[in-house]
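Okay, structure first, notes after.
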Amino acid sequence: MPDFLAADGFRRAAETIRAGGLVAVPTETVYGLAADATNAEACARIYAAKGRPRFNPLISHVADTEAARLHGLFDARALALADAFWPGPLTLVVPRRPGSPVCDLVTAGLDSIALRVPDSPVMQALSREAGCPLAAPSANRSGRISPTTAQAVDEDLGERVAVILDTGPTRVGVESTIVALLEDEARLLRPGGTAREDLERVLGAPLADPTARDTDTPAGPGMLKSHYAPRARVRLEARDIDPGEAFLGFGPVPEEIARKACAARTLSETYNVEEAAARLFSDLRTLDATGAASIAVAPVPKTGLGEAINDRLTRAAAERTGAGARAD
Ligand code: TXA
Ligand code: MG
């Protein structure tokens, strides 16, 4: 069993990181499974613990923009986005700085690097205390739903991680938005906790879609169709309920559905997409744990954080194409 440490217990976590071990750390989005990004053996342990089938690139988490610039090349656009949204749920993919000590396993041998300054005092402190950038995917087994609580990490990875830092449920609830700044056009590789509309306002230009190259391995495993998968089947845009189904609503759950569903929850009573994002993964876990064969999910608007919610739901509902297709 791992130790659940209070947030101020990070010193022991820092020692674990320096020794090449794994620590589960809360960020504002989801809990991450962190290792020293400059230590290839430590990073290999991340893949082993998650059962991640391939070496897909990982995000390097640092304490501030200055630390990020040691590892990546920031143009004016990158600096504007960092200024506006860091610390926060935004990952920037920029050209890798030659000589950066981040290991090739983290960048999957690409000449770009994904960098993020999370709005998480614990993770910032851990990065500073351990003296290294932290490579961290979500702290779940490959193909499972990302954890938004320490309990969820423990259920998925308990025996495979030495330390879990517990600061309660995460605030944002969906992973960071990923923007690539490698060409003239900025590309949205993954919708997430920073809304597209806010990014486009700062860039003064629309974000382009990912190219086929971005969605091919190794650069875009997060884009694989079957991902964030509960055990139950997921049925989208549901306005009614079939026998034996659980229901995940947006807004108050209609009385008739509450009566017929074997379990029912709502992402937000008040149609608030931020609240819905924060609850999405834990509600999916809860409904999945009821053993229902299928989860019917009400329509969720596609604007603001709704874009990320719909992205994760679409992946949860996608045909399961076998273990090899599940990425992180
Ligand atoms: O909110 C988050 O981003 C969480 C927390 C823990 O920070 N992390 C997370 O990591 O979601 P992960 O490993 O589940 O997703 C990282 C994504 C992958 O889809 C990967 O393909 C992409 O980042 N990525 C990493 N480096 C890249 C690169 N150089 N080019 C393109 N995509 C990259
Ligand atoms: Mg993940």
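Note that these values count all heavy atoms, side chains included, but never hydrogens, waters or copies made by symmetry. In each ligand, atom 1 is the first atom listed, and ligand 1 is the first ligand listed.
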- Query: Is it the side chain, the backbone, both or neither of Ala136 that has a heavy atom closer than 4.0 Å to ligand 1?
  - Reply: backbone
- Task: Enumerate the atoms of ligand 1 whose separation from the nearest heavy atom of Val93 is less than 4.0 angstrom.
- Result: 28 (C), 29 (N), 30 (N)
- Distance only, no hydrogens: is a donor on one side chain within 3.5 Å (strictly under) of an acceptor on the other, for Arg265 and Thr286? no
- Those atoms of ligand 1 less than 4.0 Å from some heavy atom in Ala114: 25 (C), 26 (N), 27 (C)
- Task: Using side-chain contact (heavy atoms from CB on, under 4.5 Å) as the criterion, list what pairs up with Glu274, not counting sequence neighbours.
- Result: Asn272, Leu305
- For Ile178, the ligand 1 atoms with a heavy-atom partner under 4.0 Å come out as 17 (C), 22 (C), 23 (O)
- When you look for heavy atoms under 4.0 Å from ligand 1, do you find them on the side chain of Arg96, its backbone, both, or neither? neither
- Query: Have Glu175 and Ser138 got a donor and an acceptor in their side chains that come within less than 3.5 Å?
  - Reply: no
- Message: Regarding Arg116 and Thr27, do their side chains bring together a donor and an acceptor under 3.5 Å, going by distance alone?
- Response: yes
- Query: N/O of Thr29 under 3.5 Å from N/O of ligand 1, yes or no?
  - Reply: yes
- Task: Could you tell me whether Asn56 approaches ligand 1 through its side chain, its backbone, both or neither, with non-hydrogen atoms closer than 4.0 Å?
- Result: neither
- Is there a heavy atom in Arg52 that sits closer than 4.0 Å to ligand 1? yes
- List the steps and the verdict of side chain to side chain contact (heavy atoms under 4.5 Å, CB included) for Phe85 and Val202. CA-CA 10 Å; Phe85 299 106; Val202 169; 3.8 Å; yes
- Task: Measure the CZ-CZ distance between Arg315 and Arg312 for me, rounded to the nearest 0.5 Å.
- Result: 7.0 Å
- Using a heavy-atom cut-off of under 4.0 Å, does the side chain or the backbone of Thr107 touch ligand 1, or both, or neither? neither
- Query: Should the heavy atoms of other residues, nucleotides or ligands under 6.0 Å from CD of Glu41 be counted, would the total exceed 12?
  - Reply: no
- Are any of the N/O atoms in Tyr31 less than 3.5 Å from those in ligand 1? no
- Message: Regarding ligand 1, does Glu175 bring an N or O atom to under 3.5 Å of one of the ligand's N or O atoms?
- Response: no
- Item | Distance filter under 4.0 Å to Leu189 heavy atoms, resulting ligand 1 atoms | 31 (C), 32 (N)
- Output the list of atoms in ligand 1 that are nearer than 4.0 Å to some heavy atom of Ile59, sorted by atom number. 3 (O), 8 (N), 9 (C), 10 (O), 16 (C), 23 (O)
- Measuring from the heavy atoms of Pro118, does anything fall under 4.0 Å of ligand 1? no
- Query: Just going by heavy-atom distances, which of Gly32, Pro57, Ser112 is nearest to atom 6 (C) of ligand 1?
  - Reply: Gly32
- Is it the case that Ser176 and Arg190 place a side-chain donor and acceptor less than 3.5 Å from each other? yes
- Group every Ile, Leu, Val, Met, Phe, Trp and Tyr by side-chain heavy-atom contacts under 4.5 Å, then state whether Val253 and Phe250 land in the same group. no
- Item | Working for side-chain hydrogen bond (donor to acceptor under 3.5 Å, both in side chains), residues Arg279 and Thr266 | CA-CA 9 Å; Arg279 289 197 186 162; Thr266 180; 5.9 Å; no
